[in-house]
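This report concerns only the one structure given below.
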Amino acid sequence: AESSHLKYLRECLKLAENSPPRPTNFRVGAILILRRDTPDDTSEDDKILSTGYTMELPGNTHAEQCCLQNYAATHGVYEESVADAFPSQAERDGRKILLYVTMEPCGVRLSGNTPCVHRIIQTRKSQDNSNNNNGIDKVYFGVKEPGTFVGESQGCKMLTEAGIQWEFVGGLENEILAVATAGHEKGNKKQEADERGTNIEAISQ
Ligand SMILES: Nc1nc(=O)c(N)c(NC[C@H](O)[C@H](O)[C@H](O)COP(=O)(O)O)[nH]1
Ligand SMILES: [Zn+2]
């Protein structure tokens, strides 16, 4: 059977298809989920906490940003303190808070808006500064960010430096890139090679 990781990345890819194609960003989908992150990968008590896709919310918004903002809005908190509304340790019952996203979270954005890695890190700084780390435990993504806009992506490194686990899940790269770059002008052989090339190399933690 297909791994749950690929199952959820396929769900994220479906979300990404709702995103309006633009030459200036990527179409990405994200799902925030509560689940047991067990090696055998089977768990019945998964709970979807929120979803998001690029430009779902007004403005130049990213999938991960919309996912967190949607959760915050439905729980009556500001996005900056979204983690305060995350399930308590008791409610989690040993499950982890995972973020599935079709593309590596951005470490820098050409627009200068807050990168998604910062938003993910922010969830682990709970208001009362207790180190109960009630934030996102791990990020799963299906492609490294291509070099189109920011060159060598820094997202993974920044997550590692912040002590947040991440894992690249192979198998959907071509589909994810095709959706992500639908708004990019075709025929630019250099750009296409660049966008495809970055995902051939293996990604190591
Ligand atoms: N992980 C991720 N989720 C998204 O929803 C999205 N659009 C990107 N895209 C990354 C890319 O680096 C930025 O889109 C460009 O750097 C332009 O920056 P803006 O998006 O205009 O802030 N990356
Ligand atoms: Zn982003």
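If you're wondering where the values come from, they're calculated on a predicted model, not measured in any experiment. Just follow the structure's listing: the first ligand is 1, and inside any ligand the first atom is 1. Values reported hereafter were calculated over all heavy atoms of this structure, with side chains retained and with hydrogens, waters and symmetry mates removed.
Across the listed options Glu145, Arg27, Met103, Glu145 owns the non-hydrogen atom lying nearest to atom 12 (O) of ligand 1. Among Glu56, Arg22, His62, the residue whose heavy atom lies closest to atom 13 (C) of ligand 1 is His62. The nearest non-hydrogen atom to atom 19 (P) of ligand 1, considering only Val150, Val28, Leu110, Asn60, comes from Asn60.
Remark: at the Zn ion (ligand 2), atom SG from Cys106 and atom SG from Cys116 enclose 110°, rounded to the nearest 10 degrees.
With Arg35 as reference, Asp46 is the one residue of Leu49, Ile48, Asp46 to meet the side-chain contact (heavy atoms from CB on, under 4.5 Å) rule.
Around atom NZ of Lys47, no more than 12 heavy atoms belonging to other residues, nucleotides or ligands sit under 6.0 Å away. Atom NZ of Lys138 is surrounded by more than 12 heavy atoms from other residues, nucleotides or ligands within 6.0 Å.
Among protein heavy atoms, atom 7 (N) of ligand 1 sits closest to Phe26 O, 3.1 Å. Scanning the protein for heavy atoms near atom 5 (O) of ligand 1, the closest one is Thr54 OG1, 2.7 Å.
Ligand 1 does not have Cys116 within reach: every non-hydrogen atom of the residue lies 4.0 Å or more from it. Proximity of Met55 to ligand 1 is not established, as no heavy-atom distance is less than 4.0 Å.
Within ligand 1, counting atoms from 1 as listed, the ones closer than 4.0 Å to a heavy atom of Ser111 are 18 (O), 19 (P), 21 (O), 22 (O). Atom numbering of ligand 1 starts at 1 in the shown order; those under 4.0 Å from a heavy atom of Glu104 are 1 (N). Counting the atoms of ligand 1 from 1 in the order shown, those under 4.0 Å from a heavy atom of Glu64 are 1 (N), 2 (C), 3 (N), 4 (C), 5 (O). Against a heavy-atom cut-off of under 4.0 Å, Thr24 is close to the following atoms of ligand 1: 14 (O), 17 (C).
Arg10 and Tyr100 share no donor-acceptor pair across their side chains, judged by distance under 3.5 Å alone.
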